[in-house]
Participant: 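Quick one: the structure is below, and I'll ask about it shortly.
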Amino acid sequence: MISNFRKDFLFDLIGSLSPSEKRSFKLYAKRLSSNQDAKFLMLFDVLDKMDEYDEALLLKKAPVGKKQLSNMKGHLYQQVLTSLRLLYADRNVELQLNEQIDFGRILFNKGLYMQSLKVLDKAKHVAGQYGLDTVMLRVVEMEKVIESQHITRSIRNRAELLGQESSELSHRVDLKNRFSSLSLQLYGIYLKTGYIKDKEGRRKLENFYQSNMPDYTLADLGFYEKMYLFQAQVWYFHIIQDFPLCYRAAQHWVDLFQQSPHMIRVATGNYLKAYHYLLDTLFYLGYYGRFSEVLDEFRASLKQGDFVMDDNSRILAFLYLYSNLLNIHFLKGEFSEGVKQLVPVLMKEMEPIKNKLDIHHLMVLHYKVACLYFGHGDNERAIFYLDQVIENNQDGLREDLQCFAHILKLIASYEAGLDEKLDGQIRNVYRFLIKMDDLHQVQKEMMRFVRKLSRIYDHELKGAFIDLREKLKIYENHPFEKRAFLYLDIISWLESKIGNIPVQQVIRQKFLEKSRLEK
């Protein structure tokens with residue numbers, strides 16, 4: 001029995017159900033005549049009609065007392081999950097396999113050993129097709145239990161074969177776990193600190209990566225081992241900003257799914273991530289032509305319907321699609337077009353799923369939208385979205401993104417003429433950067449410049465912008481300072497001030513010149 005969960009868990013679960021899922025639950029719950037007027041069904045109806053959780057109203061409308069409410073909610077929670085499991089069993093390979101293993105156990109307990117082995121063997125064959133080594137290992141362990149009782153009179157070396165199969169599967173599962181753990185730990189490092197900041201940070205990351213990378217021969221690896229290996233490589237090269245090698249690893253990740261398209265069905269989330277990180281890397285490399293090709297591939301694959309999208313996959317598809325649609329406008333310098341055409345659609349489609357988005361992805365989207373408004377020239381709107389990033393100041397969450405959000409807010413405040421409180425803002429940002437241990441040369445030069453702005457005469461401004469541009473240009477390809485330019489195209493902003501033209505015009509001109517050279 002599921003109990004003692006937070007009061008909103010059940011409400012959130014019911015709120016996440018689609019109309020077809022609700023109908024399915026009602027049919028499931030009413031399959032027994034005794035359930036037609038069951039109290040848990042009445043509780044479901046009351047919760048389904050609520051816009052937000054209100055326990056006092058729930059107790060007033062539902063046929064349950066305060067003492068029974070917790071147990072009743074636990075029962076309803078379990079019933080809803082069971083109905084969902086039945087509804088999606090035929091669409092999810094792992095749910096089907098778990099059901100077959102359960103059937104094998106039931107047949108074994110009934111003494112129908114040969115039938116049990118037949119069901120288990122079929123499950124093992126399907127699991128093998130999809131590289132589900134953990135499921136295969138469960139089946140083999142069950143087969144060993146049956147064979148160990150000497151009740152099937154199977155072939156003489158059956159025990160030896162099962163033992164060997166178990167050892168091989170255990171090795172593969174262990175290898176997959178080591179690759180996946182390394183990938184997850186690297187992702188955690190990125191969420192905490194973002195890109196590498198100095199030589200010491202790089203040295204520590206290299207040691208961590210090399211000491212935790214298992215020995216392997218690529219040709220001997222299965223699908224999942226390769227997938228997690230490529231994931232780990234993508235994160236490692238991304239964090240150290242080696243984007244050419246990151247691109248190669250991300251392309252291998254995408255190629256893996258193209259070589260085994262049937263695996264999209266069981267690893268949909270990772271398929272979507274593969275395309276996203278390939279696009280992300282192409283964006284940082286500035287390869288617009290290849291970026292457009294891959295984005296078209298990605299969008300086409302979402303429309304094909306060769307795989308079933310659950311809620312998790314739909315959320316990932318939304319995040320990755322819109323993140324890269326935003327990136328197109330950055331690459332092309334079409335900020336105003338993005339603000340007018342993309343942002344309204346993004347905000348409209350995000351509203352129903354906003355509560356399901358994790359804070360990290362919300363921060364990234366808000367920062368990108370802020371940059372779009374900044375490039376468009378709507379600085380006050382840019383500040384609004386930057387504040388959404390700055391307010392999410394939880395420990396260990398994209399400290400680097402927060403730092404650059406603070407700096408961009410300073411620039412946007414200056415551009416918007418909101419400079420009456422600029423000195424106080426500068427002091428606050430300076431203290432924040434020191435606290436985050438993120439005060440590097442680019443940030444220092446920017447802070448010095450903004451601090452002097454109020455004391456620079458109008459006729460001196462152009463010379464000051466030129467001076468700052470020359471100071472910053474030497475850091476564009478610096479191994480640890482160049483990360484600043486991934487978050488904010490400071491050089492283009494300075495050139496716009498020097499030329500007295502909109503920043504998006506500067507970026508657009510650079511894009512057109514690069515496109516001509518590529519042709």
Side-chain angles (χ1 to χ4, degrees), residues 92-186 208-233 235-236 249 252-253 255-257 259-260 262-267 269-271:
N92 185 289
V93 172
E94 291 191 66
L95 284 177
Q96 292 174 14
L97 291 172
N98 286 329
E99 183 179 64
Q100 292 302 308
I101 293 171
D102 290 342
F103 289 163
R105 168 64 69 176
I106 291 168
L107 290 168
F108 169 70
N109 290 342
K110 293 289 292 179
L112 302 171
Y113 309 121
M114 298 308 297
Q115 290 185 43
S116 175
L117 286 172
K118 187 174 181 180
V119 169
L120 291 171
D121 187 63
K122 183 179 178 181
K124 185 165 64 174
H125 177 71
V126 174
Q129 287 181 314
Y130 292 100
L132 300 171
D133 294 335
T134 306
V135 177
M136 290 177 69
L137 187 58
R138 284 180 59 201
V139 173
V140 170
E141 292 304 310
M142 184 66 195
E143 288 176 324
K144 283 164 66 178
V145 168
I146 299 172
E147 294 291 348
S148 67
Q149 297 192 35
H150 307 290
I151 48 184
T152 64
R153 297 179 183 175
S154 57
I155 56 175
R156 292 180 182 177
N157 62 342
R158 174 72 168 160
E160 289 79 3
L161 290 173
L162 284 173
Q164 183 180 349
E165 191 175 6
S166 177
S167 296
E168 290 173 357
L169 285 168
S170 295
H171 174 70
R172 275 161 38 190
V173 168
D174 177 63
L175 198 57
K176 182 180 78 173
N177 287 339
R178 291 176 67 187
F179 282 128
S180 64
S181 295
L182 176 58
S183 173
L184 184 62
Q185 288 171 304
L186 288 167
F208 173 80
Y209 180 74
Q210 291 167 4
S211 62
N212 286 278
M213 177 62 73
D215 292 328
Y216 67 90
T217 301
L218 188 63
D220 295 337
L221 299 181
F223 176 89
Y224 279 102
E225 295 97 294
K226 288 179 181 176
M227 185 186 77
Y228 288 122
L229 167 64
F230 298 146
Q231 276 188 23
Q233 290 175 340
W235 280 116
Y236 174 68
H252 285 326
W253 188 358
D255 291 343
L256 186 65
F257 279 100
Q259 292 157 9
S260 304
H262 67 288
M263 293 302 296
I264 298 172
R265 183 184 175 194
V266 293
N270 281 295
Y271 168 74

Participant: Identify the heavy atoms of Gly104 and Met142 that sit nearest to each other, and give their distance.
Facilitator: O-CE, 4.2 Å
Participant: Of all heavy-atom pairs between Ala123 and Leu97, which one has the smallest distance, and what is that distance?
Facilitator: O-CD2, 3.3 Å
Participant: Taking ring-ring contact (aromatic ring centres under 6.0 Å, His included) as the test, write out the residues that go with His171, two or more places apart.
Facilitator: none
Participant: Please list, chain by chain and in numerical order, all residues satisfying side chain to side chain contact (heavy atoms under 4.5 Å, CB included) with His125, sequence neighbours excluded.
Facilitator: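 Per chain and number, His125 pairs via side chain to side chain contact (heavy atoms under 4.5 Å, CB included) with Gln129.
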Participant: What pair of heavy atoms forms the shortest contact from Tyr228 to Phe179, and how long is it?
Facilitator: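 Scanning both residues completely, I find the closest heavy atoms to be CB-CB, 3.5 Å.
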Participant: What residues form a side chain to side chain donor-acceptor pair (under 3.5 Å) with Tyr130, not counting sequence neighbours?
Facilitator: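 Arg265.
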Participant: Find the distance between CG (Leu120) and NZ (Lys118) and round it off to the nearest 0.5 Å.
Facilitator: 12.5 Å
Participant: Quick one: list whatever passes side chain to side chain contact (heavy atoms under 4.5 Å, CB included) with Asn92, sequence neighbours left out.
Facilitator: Glu94, Leu95
Participant: When rounded to the nearest 0.5 angstrom, what distance separates CG in Leu186 from OH in Tyr236?
Facilitator: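 Going from CG on Leu186 over to OH on Tyr236, the span is 9.0 Å.
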Participant: For residues 125-136, which residue pairs pass the salt bridge (charged side-chain N to carboxylate O under 4.0 Å, His left out) check, not counting sequence neighbours?
Facilitator: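 As it turns out, the salt bridge (charged side-chain N to carboxylate O under 4.0 Å, His left out) pairs with a partner in residues 125-136, which skip direct neighbours, are Asp133-Arg172.
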Participant: Side-chain donor-acceptor contacts of residues 210-222 below 3.5 Å, not counting sequence neighbours, with atom names and distances?
Facilitator:
residue	atom	partner	partner atom	Å
Ser211	OG	Asn207	O	2.8
Ser211	OG	Phe208	O	3.2
Asn212	ND2	Phe208	O	2.8

Participant: Take Gln96 and Val126 through the test side chain to side chain contact (heavy atoms under 4.5 Å, CB included) and record every step on the way to the result.
Facilitator: CA-CA 10 Å; Gln96 292 174 14; Val126 174; 5.9 Å; no
Participant: So, using side chain to side chain contact (heavy atoms under 4.5 Å, CB included) as the criterion, who are the partners of Leu112 when residues are at least two apart?
Facilitator: Leu107, Lys110, Gln115
Participant: Residues two or more places apart in sequence or in another chain: which of them pass side chain to side chain donor-acceptor pair (under 3.5 Å) with Asn177?
Facilitator: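 Once residues adjacent in sequence are excluded, Asn177 has no partner under the side chain to side chain donor-acceptor pair (under 3.5 Å) criterion.
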Participant: For the residue pair Glu143 and Val139, establish whether any side-chain heavy-atom pair is separated by less than 4.5 Å.
Facilitator: yes
Participant: Among residues at least two apart in sequence or on other chains, which ones pass side chain to side chain donor-acceptor pair (under 3.5 Å) with Gln231?
Facilitator: Ser183, Asn270
Participant: Indicate yes or no: at least one non-hydrogen side-chain atom of Trp235 is less than 4.5 angstrom from one of Gln185.
Facilitator: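 A side-chain contact under 4.5 Å is absent here.
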Participant: Around atom NZ of Lys122, are there more than 12 heavy atoms of other residues, nucleotides or ligands at under 6.0 Å?
Facilitator: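 12 or below, so no.
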Participant: Measure the acute angle between the ring planes of Phe108 and Tyr113, then classify it against the limits of 30° and 60° as parallel, tilted or perpendicular.
Facilitator: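 Rings of Phe108 and Tyr113: tilted, as their planes differ by 30° to 60°.
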Participant: Which residues pass the side chain to side chain contact (heavy atoms under 4.5 Å, CB included) test with Asp174, sequence neighbours left out?
Facilitator: Arg178
Participant: Name the atoms and distances for all side-chain donor-acceptor pairs under 3.5 Å in residues 161-170, with sequence neighbours left out.
Facilitator:
residue	atom	partner	partner atom	Å
Gln164	NE2	Glu168	OE2	3.3
Glu165	OE1	Lys124	NZ	3.3
Glu165	OE2	Lys124	NZ	3.3
Ser166	OG	Glu141	OE2	2.9
Ser167	OG	Gly163	O	3.1
Ser170	OG	Ser166	O	2.8

Participant: Tyr224: what forms a ring-ring contact (aromatic ring centres under 6.0 Å, His included) with it, not counting sequence neighbours?
Facilitator: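 Tyr224 satisfies ring-ring contact (aromatic ring centres under 6.0 Å, His included) with no residue once adjacent residues are dropped.
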Participant: Enter the distance from Ser260:OG to Lys226:NZ here, rounded to the nearest 0.5 Å.
Facilitator: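 Taking OG in Ser260 and NZ in Lys226, the distance rounds to 8.0 Å.
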Participant: Begin with the C-alpha distance, continue with both residues' side-chain angles, and end with the deciding distance and a verdict on side chain to side chain contact (heavy atoms under 4.5 Å, CB included) for Met263 and Leu256.
Facilitator: CA-CA 9 Å; Met263 293 302 296; Leu256 186 65; over 6 Å; no
